[in-house]
Each structure stands twice: as structure tokens, then as C-alpha cells.
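Worksheet: the structure to be examined is printed underneath.
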Amino acid sequence: MPKPKTAISPTRAENYPEWYQQVVKAADLAENSDVRGCMVIKPWGYAIWENIQRHLDAMFKATGHENAYFPLFIPMSFLEKEAEHVEGFAKECAVVTHHRLEPDGQGGLQPAPSAKLEEPLIVRPTSETIIGATFARWVQSYRDLPILINQWANVVRWELRTRMFLRTAEFLWQEGHTVHASEQEAREETRQMLDVYADFAEGVMAMPVIKGEKTAGERFPGAVATYSIEALMQDRKALQAGTSHFLGQNFAKAQDIKFQNVDGELQFAWTTSWGVSTRLVGGLIMTHSDDDGLVLPPRLAPAQVVILPVYRNEEERNSVMPYCETLKMELTAEQFASEPVRARIDDRDLRGGDKRWQWIKRGVPLVLEIGPRDIAEDKVFLKRRDVDGKGDPVLRKELVSTVANRLAEIQQSLFERAAALRSEASVKIDSLEKFEEFFAESAPGGLAYCHFVDSPAMDAKLKELKCTVRCVPLDAPSESGKCIFTGEASNRRGVFARAY
RNA sequence: CGGGGCGUGGCGCAGUCUGGUAGCGCGCAUCGUUCGGGACGAUGAAGUCGCAGGUUCAAAUCCUGUCGCCCCGACCA
């Protein structure tokens, strides 16, 4: 049987969405569950999420936030308090109506009519309302502010069409919720957390992002302003990777979050909320992976170095294994990005080629093979995941002293590769004609920077082209121009793209 | 909610039109030969054919009902 050229089939070029599914499967990240739209996150995928959590959590704490936990259930009436919020989420809420089951008389179960809840509970799609109601009790004086809270949780949004990690009915995330005495402070918080997300995405995930503000149509329901980080995937579609919302006094008024200021006057507080989810894992996959499977940036890799012992018999094993064990200890004594290098030995009773390909598909940055021949020369055989080729022999001593540098190099090169794709796919467009060409069905697409003014005409055109306005970049220079859709005057460009 | 498709060992499928002993590939287990880029051979374990009725001497196959899943659309802070 001829060896397939690539570990993943189809390739990205052949069928990108199918390639994505196959990578998730081949890398052992997750699988579909018995519940529609919900996935089982497997150990390798969950370990990546844990690394994401660990880094973000440290960044949240470094900016003064504390973790807390609020209920999974929210009384239905809470959702009704903020009109726009209802509009946004009501259509996709799971509702709990009973608290007991009973036999249905046909061998099955049914909700007991006598156990019907007086007021239905919804499973949180996001927690602004319940957290806001709680905050209302916590806040009385300006001395109680600011409140800076984060929670790690699961939420449910009954999406009709789901894709693993990118959009699932239940997903894991963190949601930050803060309360401030002044508008300015709340606005600064919103922007600070957007910066945290961007720093994390670029520094830890090696995923370049654009920081920007959402247009009115794309705003979080109930928010005054929504900011996001937007990343470009390898198929040139954009992915919203994180959002930070300035909620103004909307939720404070809806939920009665009031305090007395220095002058004894009663005022509504200013709130923010911000979140990222397991969708980041989807972004990670689509930013770096190739036709042999997942490619992990070292800072998030559950294992940064995997050692594969090669031996044919017990005698060889007895010399190879201790060599590997010592090497592993030497490697884990090294530091990369202020953490011990994560190395592991794969001594499973599997064929060598099989094992090697498993780790390639799982995206491990460095894979080492060590057999009697290497030991004789005090070498290891090193394969770097992000570059083509079989690998090279390296002196053991040299490997140990350079492992941190090599990981840093991979981290850097992944970022640069992604940034290069993005700049190649980014263009300024100043006419509707060019815009239509750029987003034509047959065109590769990408990021189009255009002058625009929100209008029904624009919405219609975007819908026709299956394209969306992603954001107005915060670092966009002010320049005068004309909206490509209506010709109205505009002083800033927005980013347009097809999106997930 | 509209259109289409599919439910058969762990996974992927054939068999259904034309009713007659449930099959194939992968995976799994054992043994042997192999082994530095995805091995090969032999043997073996594993399925009440989504569920419930009906027709029939006989149903994976035909009929009725029902449940579930997938794809396309609509929807998607």
C-alpha cells in the first residue's frame, strides 16, 4: 500500500472544512458526543485548554481581577430586564421547566407535572444578568468600587449549526464582569482587557490579531461599545477570537446597580464584560496546522518535547531507556518562557512509525528518536514539527543547552508565518467594483480595508457577498475618504472579511 | 423551520430495488516474521441490522408509525 503523502486527508487546499474536522480527530482533541451540538473534549485537547486558562488566569490576576463562581441557572425574568439582551439571546436558550422525573407508565420517564417550576430557569448563555443582580447587592458606596471579577464556566447557546470548538451548543469560557464608579474607568477597563487578549493571542498562541471596535450591528446585545480581536485563518476567513464590552449604564439601570458617590449622591454604576472561549482552540488549529495535522505553538503545547525510545529487544531497551530518562530530566531542568520544559517519554508498546506520526498529528513541537546508534554517538535524532523534512541528528549535550532557544524559535516562526499570510491577504480597497471582485465566489478573499458608513445598502451588499464587517481597527490612522457603498464621507477604514 | 441524505460488530461501509444461514475494510487480541518514516502473515473475539407495530412459512430487505444523526439553507453575542 503506498504511503499517503500527507497525514491528513483531504488537504487544506482540497477541502478546508473537512480538513479541519480531520485535524481535530487525528490530533485527538475532541469528538462528537451523544448530545447534539456538544463535544467531548479529549485529554490532549483539554490540556491545551488548561494551558490557555493558566496563562490567561495569571494575566487577569496581574491586572487585579479575582475569580468567583455564579450559578448555571438564571431565572427567566432576569433575562427580560434588558430589552436588547433578550432580543439577542432568547432564541437560543435552553430552558429548565421541571425539577423531577417520574415514570411515564410505558417504561420511560417524563417530567412530573407536579414538579413544574413556578418560574422557568434558563441555562446561562452568558451571565451579565445574574452577576449584575448579585453586584447590585454588593455595591452601596463608591468605596465598594471597582468590582473586578472573572469566572471560568460553561455556557449554553442552542446553536442550530455547530462545528467543533468554533461553535458548540455548550462551550467553556471565561467571562469577566466589572463595575466602576466612572465612565472613564469602565472604558479603560474595557480596553485594558482587549489588550490582555491581544497580548495573549500574539504572545502565547502566536496568532496575530487586529484590535478593533465592532459596528452597531455586530455589537453585544445591550452594550454601548463592543471591541474584539480578529484573527485571519489559513482559508482567509476571519475569526472573532475574543470580545470586550463597555456596557455603559445599561445593565446597571436594568439591574439597579447604584452607589453613593463622595458627595452622597445616588448614581448608577458603569459596567463591563469580556470573554474568550474554547473557540480559541479552533483558532489555534486554523492558524498553524498543516496537512500533517496540528501544529502547536510551544507555549501551549501540553508536551513540548516527546522522546521516542527505539529498541528491538530487552537488551537494547535496558540501555536506551535509562538514556532517555536521564535526557528527559535534563530537558525538564531547562526553562522555556519561565516554565520548566515539558518533556515526556512515549514508551508505549507500539510500532515506531505509528507513534511518531501520532505525535506529528498532535502537533508536538519537537520529537526525538533515540536508539542504540544515537547513544553510541551521544546524539539524538531531532524532528522539528514546523519545518519539513525527516529531521537531523544533534549532539545530546547541544540539544539540552539549546532546547529553550529552539522552542522560542518555533514560537517566533509560527507567529511570523501567520503574520506573513495575513499581510499577504490584506488589501486596501477604494471602489465597490474592486470590493466585489475581492469577495467574488471564486476569489481567495482576505481582509479588505475600506472606508464605510453603516447603512442598509451596505448590509444588503455584504449579505450578497457573504461578507461581514469585522471591526474598525483601533490603530487605524485617521484619513478622509468615501464610503465605497454609498459615497458618504468617512474618516476611517474598517476591516471586511468572510467570517466564521 | 424548509430541502436532501443516513441509521447494519469499536469506526467506515456493502447488502435493501428482486424477502431465504449477516458480509467487507480498518481497528482490536494472540502467535510468528519484522522493526531508525505509517510492516506482513496466520489465527481469533466482537453485530437481537435505530425503535415499535404490521404483512409473510420466512423481514436488515416490503408496509405503517416513531426516534435520532448528518449535509445544504434560514439563524449565529
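The chains referred to below are lettered A, B, ... by the order of the sequence lines, with proteins before strands, and numbering in each begins at 1.
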Problem set entry | Out of B:C69, B:C75, B:G36, whichever nucleotide has its closest atom nearest the side chain of A:Arg36 | B:C69
Exercise. Quick one: do A:Arg317 and A:Asp347 make a salt bridge, cutoff under 4.0 Å?
Worked result: yes
For this session: Validate the cation-pi geometry between A:Arg124 and A:Phe73: distance from NZ or CZ to the six-membered ring centre under 6.0 Å, angle to the ring axis within 45°.
Result: no
Exercise. Looking at A:Phe78, is A:Lys81 sitting on its ring face, NZ or CZ under 6.0 Å from the six-membered ring centre and within 45 degrees of the normal?
Worked result: yes
Exercise. According to the Watson-Crick and G-U wobble definitions, with both distances under 3.5 Å, which nucleotide is paired to B:C11?
Worked result: B:G25
Problem set entry | A:Arg167 vs B:C76: side-chain N/O to OP1/OP2 distance below 4.0 Å | no
For this session: Please report the closest heavy-atom contact between A:Gly293 and A:Ile8, naming both atoms and the distance.
Result: N-CG1, 3.3 Å
Exercise. So what does A:Gly37 hit on the nucleic acid, given a heavy-atom distance under 4.0 Å: a base, only sugar-phosphate, or nothing?
Worked result: nothing
Exercise. Quick one: do A:Arg384 and A:Asp386 make a salt bridge, cutoff under 4.0 Å?
Worked result: yes
Problem set entry | Charged tip of A:Lys237 within 45° of A:Tyr500 ring normal and under 6.0 Å | yes
For this session: Identify whether any heavy atom of A:Gln358 sits under 4.0 Å from a base atom; if not, whether one sits that close to sugar-phosphate; answer base, sugar-phosphate or nothing.
Result: nothing
Exercise. Nearest to the side chain of A:Lys466, which nucleotide is it out of B:G73, B:C76, B:G36?
Worked result: B:G73
Taking only N/O atoms, report every protein-nucleotides 27-35 of chain B pair under 3.5 Å with atom names and distance.
none

